[in-house]
Protein chains: 2
Amino acid sequence: MRLLLVEDDRRIAADVERALSAAGYVVETVRNGEDAWFRGDTEDYGAIVLDLGLPGMDGLAVLKRWRANGRAMPVLILTARGSWAERVDGIDAGADDYLAKPFRMEELLARLRSIVRRSVGQASSRIVAGDIELDERQMKVTLRGVPVALSPLEYRLIAFLLRHRGRVVSQQELEENVYGHGEDHESNALEVLVGRVRKKLGAGLIETRRGFGYLISDTTP
Amino acid sequence: MRLLLVEDDRRIAADVERALSAAGYVVETVRNGEDAWFRGDTEDYGAIVLDLGLPGMDGLAVLKRWRANGRAMPVLILTARGSWAERVDGIDAGADDYLAKPFRMEELLARLRSIVRRSVGQASSRIVAGDIELDERQMKVTLRGVPVALSPLEYRLIAFLLRHRGRVVSQQELEENVYGHGEDHESNALEVLVGRVRKKLGAGLIETRRGFGYLISDTTP
DNA sequence: TGATCCACGTCAGCAATTTGTCAGGTTGAT
DNA sequence: ATCAACCTGACAAATTGCTGACGTGGATCA
């Protein structure tokens, strides 16, 4: 599988490139935003590993332009700072996953495998789980074919759970990704939100794992 | 895919022809403006590579006459210098992309792929959505066949939304593309603009996705 | 030069929606 | 049975987007 690596730090680039090659990928590397944008827009890659701290065009901007042009390949973001706000920005911009530097090469490979698997399994920006269907391009959720009106937070919640369907997502993680911060648990806002989504999408969809978090089970083979 | 190459320099023509053939295109070559115009006007090509520095009829003039006759194939312009004025002229004349000499063959191929992909994705410079129709070459919008007078900003707004129909466009993104800057949201100018366009084109066309942005749904698959 | 028109930004008010909070209920593990 | 975790309905506050009215500046034309 062919990958694009976008990384300006030569040392890191070389390391990652070696690891990816060893793992059997064909890797092409670029070092700045413009090149990245052009390559990503004109070539077909199985996945893209994108550093955010780039010279020239900013990594997020590159990603947004790809998505704006309808390019749907899986993108894994690397960022120096482990800031949650940045993570949310990245996901909103259309990233499929995110990894904070420094990272272990095994983890990079694992996450890469994961997003690639997800993308080949899906081939589009639509996720189906049981009765409901999510179209990320249109930000539209349908229940048995009927469109459901969701508020921004409700949408973010269900989108995150669906993207991570098949595993338990902790309240902490959900909060960080829905609200963009990990406030202390002084409020039950998230629980209320879950309740509202359940009311709109049916009670059976989001399961509660008492003490652990929430789960949408994966029903797509 | 069948291509027309318009290039008077025999050496360059031969090089490009070889590269394009190797890439799997069927290439026809002409060396002057008159022939180019005739071929482009009477034959159907998947794309045209057009040198601007031609003997006889000038490349830009050829392009303009094609467009005036309603020919909509993607055209990639080659120009001797990376002159900005020439680029703007080319884009205005209806070119889809441009490339400054000297160039690397890979880049030519990539840009060609890009404009071809764009054109098959869109089939023409006309976009239809519901009752309304946009002709980008003529910068003309009609509602149920009746031309609608739009101001420059109104046109840019509707054109951007139509080009990206089928997905939600955020206010931020819309602002950047309509006004050319991403000012802080201290004004509701964009909302007012949307209102004005709605008044002219009907309220149902542009949907509001509260908290996310605007959307024109894609009704032409 | 002045009259007029048009595009467009600004503003204020409105209506609808969204969202946090709170005060009880339920539930499930031990 | 008990307790923490979780759910739910109600409510008020905050946000968001829409609209009509108005003002300004630039272009056009007499």
Side-chain angles (χ1 to χ4, degrees), chain A residues 85 88 92 138-141 147-161 168-217, chain B residues 139-141 147-161 168-217:
Chain A
V88 170
D92 280 346
Q138 296 194 54
M139 294 183 168
K140 201 171 177 183
V141 176
V148 180
L150 293 180
S151 80
L153 286 187
E154 290 165 359
Y155 176 83
R156 287 220 222 180
L157 179 89
I158 195 65
F160 188 83
L161 285 175
V168 176
V169 176
S170 74
Q171 285 207 1
Q172 170 91 46
E173 188 181 355
L174 210 46
E175 255 175 46
E176 280 158 1
N177 281 281
V178 168
Y179 297 105
H181 58 67
E183 294 289 311
D184 304 320
H185 202 311
E186 300 168 4
S187 127
N188 70 339
L190 186 69
E191 291 163 13
V192 174
L193 193 61
V194 170
R196 284 175 180 145
V197 173
R198 277 178 176 150
K199 192 174 288 180
K200 292 185 178 180
L201 297 178
L205 180 67
I206 304 176
E207 300 169 45
T208 301
R209 283 280 183 276
R210 195 166 239 264
F212 296 101
Y214 297 96
L215 162 73
I216 291 181
S217 45
Chain B
M139 304 216 332
K140 200 172 173 185
V141 175
V148 180
L150 293 179
S151 79
L153 285 186
E154 290 166 357
Y155 176 81
R156 289 218 238 175
L157 178 88
I158 195 66
F160 188 83
L161 284 174
V168 175
V169 176
S170 72
Q171 287 207 0
Q172 167 95 45
E173 188 180 355
L174 208 46
E175 256 174 43
E176 276 165 13
N177 282 281
V178 169
Y179 299 106
H181 58 67
E183 295 288 312
D184 303 319
H185 203 307
E186 300 168 6
S187 131
N188 72 338
L190 186 69
E191 290 163 16
V192 174
L193 193 61
V194 169
R196 285 175 177 144
V197 173
R198 276 179 177 150
K199 196 172 285 183
K200 292 186 178 180
L201 297 178
L205 180 67
I206 305 175
E207 298 170 47
T208 301
R209 284 271 184 281
R210 198 165 230 267
F212 293 106
Y214 297 96
L215 162 73
I216 292 181
S217 44

*Between the main-chain N or O of A/R210 and the side-chain N or O of A/T208, is there a donor-acceptor pair closer than 3.5 Å?*
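Looks like no, no N/O pair under 3.5 Å.
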
*asked:* Between A/R198 (side chain only) and A/I206 (backbone N and O only), is there a donor and an acceptor less than 3.5 Å apart?
replied: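 Yes, because the side chain of A/R198 sits within donor-acceptor range (under 3.5 Å) of the backbone of A/I206.
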
*Answer with yes or no whether the side chains of A/Q172 and A/E176 bring together a donor and an acceptor at under 3.5 Å.*
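Short answer, yes.
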
Rounded to whole Å, how long is the line connecting atom [atom1] of [X] with atom [atom2] of [N]?
X      : N      : atom1 : atom2 : answer
A/L153 : C/dT21 : CG    : C1'   : 15 Å
B/F212 : C/dT18 : CZ    : P     : 10 Å
A/E154 : C/dT17 : CD    : C1'   : 10 Å
A/L174 : D/dC6  : CG    : P     : 12 Å
A/E191 : C/dT27 : CD    : C1'   : 13 Å
A/K200 : C/dT19 : NZ    : C1'   : 11 Å
A/E207 : D/dC7  : CD    : P     : 12 Å
B/L190 : D/dT16 : CG    : C1'   : 13 Å

*Should B/K200 and B/E154 count as an ion pair when the cut-off is N to O under 4.0 Å?*
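A salt bridge links B/K200 with B/E154.
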
*Counting only distance, no hydrogens or angles, is the base of D/dT16 paired donor-acceptor with the side chain of B/N188 under 3.5 Å?*
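Counting by modelled atom types and ignoring angles, no donor-acceptor contact under 3.5 Å is found here.
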
Categorize [X] for me: base, sugar-phosphate, or nothing, with a 4.0 angstrom heavy-atom threshold over every strand shown.
X      : result
B/R196 : base
A/Y155 : nothing
B/L193 : nothing

So, is [X] close to the [N] phosphate, meaning a side-chain N or O under 4.0 Å from OP1 or OP2?
X      : N      : value
B/Y179 : C/dG9  : yes
B/S187 : C/dC11 : no
B/R210 : C/dT18 : no
A/Q171 : D/dA5  : no
A/T208 : D/dC7  : yes
A/Y214 : D/dC7  : yes
A/K199 : D/dG9  : yes

*Could you grab the distance from atom CG of B/L193 to atom CG of B/L157, nearest 0.5 Å is fine?*
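Answer for the CG-CG pair, B/L193 versus B/L157, is 5.0 Å.
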
*Using heavy atoms to find the nearest nucleotide of DNA chain C for B/P152 and A/V192 separately, return the residue whose nucleotide is more 5′.*
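Looking at DNA chain C, the more 5' nearest nucleotide goes with B/P152.
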
